[in-house]
Chemist: 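Got a structure for you, questions after.
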Amino acid sequence: MGVKSHLHGKSGGVAAISTLNWEPDWLAVVWGDGAASRYPAIWLRDNLPEGRHSGNGQRLFDISALPEEIALGDARLTDNGDVGLRFEPEGLDGVFTAVWLHDHRLEPEPEPHQRRLWDKTHRPHEADFTAISRVPEALRDWLTAIRDEGVALLRGVPTQPGIIFEVVALFGYVRETNYGRLFDVVSEPEPVNLAYSSLGLGLHTDNPYRDPVPGLQLLHCLVADSDGGESVVVDGFAVAERLRAEAPENFELLTRHPVPFAFISKDADLRARNPLIELDAAGEVAAIRYNNRSAAALDLPPAVLPDFYRAYRRFGRMLHDPDFAVTFRLAPGDLFVVDNRRVLHGRKGFSGGRRHLQGCYADKDSLESRIRILETGA
Ligand code: NM2
Ligand code: OGA
Ligand code: ZN
């Protein structure tokens with residue numbers, strides 16, 4: 001029972017098989033709707049249900065334990081429409097349900113894009129702390145906005161120091177760093193980091209000098225008695241896509257050359273090297289790293305640097321184009337979350353009275369896990 005979800009079912013929908021064909025190397029299935037699927041024998045052998053623990057669904061054997069040459073010796077439709085297979089040379093029998101085979105079709109079918117790119121017209125999703133603490137659907141919607149839009153606001157978070165931990169506990173775990181499990185963003189006389197001053201902070205992602213970078217940042221406002229200090233957020237993915245469309249050669253340069261970032265203090269010497277725009281294996285933008293304060297001296301080959309600077313500056317100008325900026329002012333009891341691999345944030349300088357935020361980092365995998373759990377109602 002628990003196993004089904006562990007086996008990553010996509011649809012769970014009803015799947016009827018109309019015809020089975022097989023060769024020693026392949027199983028071919030024709031579905032009730034006429035679509036066809038093929039599965040290699042080695043893949044089927046690797047995924048036999050018996051190969052997994054019946055309680056938790058974890059695989060029980062290592063890939064090296066599989067015989068070198070695996071072939072199907074027989075394939076038949078069972079009375080209830082599932083698929084019985086025999087594997088040689090082991091002489092092993094196993095059954096796959098039609099639903100499992102349908103959920104795990106291997107034909108390339110692009111996953112629908114979850115991310116929604118946005119510009120200055122975007123109104124970040126807002127939720128109420130009490131509501132998301134009590135109503136699973138409200139929590140699901142708030143977390144989904146963070147996952148798909150990279151930013152969301154929360155109101156009504158008591159101005160009690162440390163309450164940010166209760167927000168994180170709704171979806172995951174704090175990612176502790178040299179700044180602590182929690183950090184106080186207040187203006188200090190000798191700030192170890194410019195965030196702890198009253199200066200404005202240009203658009204940035206946090207901690208690019210760390211690998212991996214924290215996936216999420218939460219900032220909770222306890223006191224906002226000063227003038228200024230407004231928050232700004234920009235969808236780095238939207239800007240990167242604009243750059244790709246308008247200046248593909250600039251985009252390419254920023255994805256191809258990793259650049260050094262550093263943060264050095266009395267008790268930290270953090271360094272990491274990564275591209276400003278990171279792509280995944282499919283060429284999709286996977287992460288933005290942009291932080292003027294902690295960018296180390298660029299050390300790319302001299303022949304590359306002039307072109308690289310052109311691309312870097314163009315990207316920087318685009319990021320600061322007001323067409324992309326969403327500005328808001330945090331009041332006591334407000335909190336916002338950003339996807340720190342996607343959305344840049346900044347603040348205007350402030351003066352006059354006191355301003356106090358508490359922040360922490362968390363990882364995104366737990367947030368995505370929580371959404372799946374809330375969606376299946378488990
Ligand atoms: N603080 C607020 O990444 C950065 O250096 C931005 C981070 C100090 C944890 C500031
Ligand atoms: C930070 C930061 C913004 C603010 O702490 O990383 O960007 O509004 N702070 O003080
Ligand atoms: Zn920051």
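Every number for a ligand or one of its atoms is a count from 1 in the order of the listing. We number each residue from 1, following the sequence as shown.
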Chemist: Going by atom type alone, with no hydrogens or angles, which donor-acceptor pairs under 3.5 Å involve a side-chain atom of residues 326-339 and a protein atom two or more places apart or on another chain?
Modeler:
from	atom 1	to	atom 2	distance (Å)
Arg329	NH2	Ser226	O	2.6
Arg329	NH2	Gly228	O	3.2
Asp334	OD1	Arg155	NH1	3.4
Asp334	OD2	Arg155	NH1	2.9
Asp334	OD2	Ala331	N	2.9
Asp339	OD1	Arg341	N	3.0
Asp339	OD1	Lys364	NZ	3.4
Asp339	OD2	Lys364	NZ	2.9

Chemist: So which heavy atom in the protein is nearest atom 8 (C) of ligand 1, and how far is it from that ligand atom?
Modeler: Tyr196 OH, 3.3 Å
Chemist: Out of all atoms in ligand 1, which are within 4.0 Å of some heavy atom of Tyr361? Include the element for each.
Modeler: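 The list of qualifying atoms is 1 (N), 7 (C), 9 (C).
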Chemist: Give me the protein N, O or S atoms that fall under 2.8 Å of the Zn ion (ligand 3), sorted by chain and residue number.
Modeler: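 The answer is His204 NE2, Asp206 OD1, His345 NE2.
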Chemist: Distance to 0.1 Å, residue and atom name: give those for the protein heavy atom nearest to atom 6 (O) of ligand 2.
Modeler: Asp206 OD2, 3.0 Å
Chemist: Are Leu106 and Val83 connected in the hydrophobic side-chain network, where two residues link if heavy atoms are under 4.5 Å apart?
Modeler: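 Both belong to a single hydrophobic cluster.
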Chemist: What do we get for Phe263 next to ligand 1 when only non-hydrogen atoms under 4.0 Å count, side chain, backbone, both or neither?
Modeler: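 Looking at Phe263 and ligand 1, no heavy atom falls under 4.0 Å.
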Chemist: Can you check salt bridge (charged side-chain N to carboxylate O under 4.0 Å, His left out) on Asp148 and Arg115, steps first, answer last?
Modeler: CA-CA 4 Å; Asp148 299 347; Arg115 63 178 64 154; over 6 Å; no
Chemist: To check your reading of the model: name the closest protein heavy atom to atom 1 (C) of ligand 2, its residue, and the distance in Å.
Modeler: Gln217 NE2, 3.7 Å
Chemist: Roughly how far apart are Cys360 SG and Arg175 CZ, rounded to 0.5 Å?
Modeler: 12.0 Å
Chemist: Give the numbers and elements of all ligand 1 atoms closer than 4.0 Å to a heavy atom of Ala195.
Modeler: 2 (C), 10 (C)
Chemist: Report, in ascending order of atom number, the atoms of ligand 2 lying under 4.0 Å from any heavy atom of Val185.
Modeler: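 Contacts of ligand 2 toward Val185, numbered from 1: 5 (O), 10 (O).
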Chemist: Under 4.0 Å from a heavy atom of His204: give me the atoms of ligand 2 that qualify, with their elements.
Modeler: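 It comes down to these atoms of ligand 2: 6 (O), 7 (O).
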Chemist: Hey, what do you get for CG (Leu276) to CD1 (Ile288), rounding to the nearest 0.5 Å?
Modeler: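 Reported to 0.5 Å precision, the distance equals 8.5 Å.
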Chemist: Considering the heavy atoms of Phe183, write down every atom of ligand 1 situated less than 4.0 Å from one of them.
Modeler: 2 (C), 9 (C)
Chemist: Can you pull out the closest protein heavy atom to atom 5 (O) of ligand 1? Residue, atom name and distance to 0.1 Å, please.
Modeler: Tyr209 OH, 2.7 Å
Chemist: Nearest 0.5 Å, what's the CZ-CH2 distance between Arg38 and Trp26?
Modeler: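 Answer for the CZ-CH2 pair, Arg38 versus Trp26, is 4.5 Å.
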Chemist: Flag yes if more than 12 heavy atoms outside Glu69 fall under 6.0 Å of its CD atom; otherwise flag no.
Modeler: no
Chemist: Find out whether His204 and Asn292 are in side-chain contact, i.e. whether some heavy atom of one side chain is under 4.5 Å from a heavy atom of the other.
Modeler: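 Heavy-atom side-chain distance check fails, nothing below 4.5 Å.
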Chemist: With a 4.0 Å cut-off, would you call Glu241 and Arg244 a salt bridge?
Modeler: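 So Glu241 pairs with Arg244 through a salt bridge.
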Chemist: What residue and heavy atom of the protein are closest to atom 3 (C) of ligand 2, and at what distance?
Modeler: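 Of every protein heavy atom, Leu219 CD1, 3.9 Å lies nearest to atom 3 (C) of ligand 2.
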Chemist: Say whether Asn193, considering both its backbone and side-chain N or O atoms, lies within less than 3.5 Å of an N or O atom on ligand 1.
Modeler: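 Yes, since at least one N or O of Asn193 sits under 3.5 Å from an N or O of ligand 1.
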Chemist: Where's the contact between Asp206 and ligand 1, heavy-atom distance under 4.0 Å: side chain, backbone, both or neither?
Modeler: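 Both parts.
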Chemist: Given the ring of Phe61, does Arg45 sit roughly above its face, with NZ or CZ under 6.0 Å from the centre of the six-membered ring and within 45° of the axis?
Modeler: yes
Chemist: Would you mind running through ligand 2 and noting each atom that sits below 4.0 Å from a heavy atom of Leu357?
Modeler: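 Atoms satisfying the 4.0 Å criterion: 4 (C), 8 (O), 10 (O).
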Chemist: On a heavy-atom basis, which atom in Ile132 and which in Leu154 lie closest, and how many Å separate them?
Modeler: CD1-CD1, 3.6 Å
Chemist: Do the side chains of Val186 and Tyr196 get nearer than 4.5 Å, heavy atoms only?
Modeler: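 Tyr196 vs Val186: side chains apart.
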Chemist: Is there a nitrogen or oxygen of Asn207 sitting under 3.5 Å from a nitrogen or oxygen of ligand 1?
Modeler: yes
Chemist: Can you tell me how far apart CD1 (Ile373) and CG (Leu143) are? Round to the nearest 0.5 Å.
Modeler: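 Interatomic distance, Ile373 CD1 to Leu143 CG, rounded to 0.5 Å: 12.0 Å.
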Chemist: Give the numbers and elements of all ligand 2 atoms closer than 4.0 Å to a heavy atom of Leu201.
Modeler: 2 (C), 7 (O), 9 (N)
Chemist: What atoms of ligand 2 come within less than 4.0 Å of a heavy atom belonging to Arg355?
Modeler: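 Near Arg355, meaning under 4.0 Å from one of its heavy atoms, ligand 2 has 4 (C), 8 (O), 10 (O).
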Chemist: How many angstroms lie between atom CG of Leu218 and atom CG of Leu357, to the nearest 0.5 angstrom?
Modeler: 12.0 Å
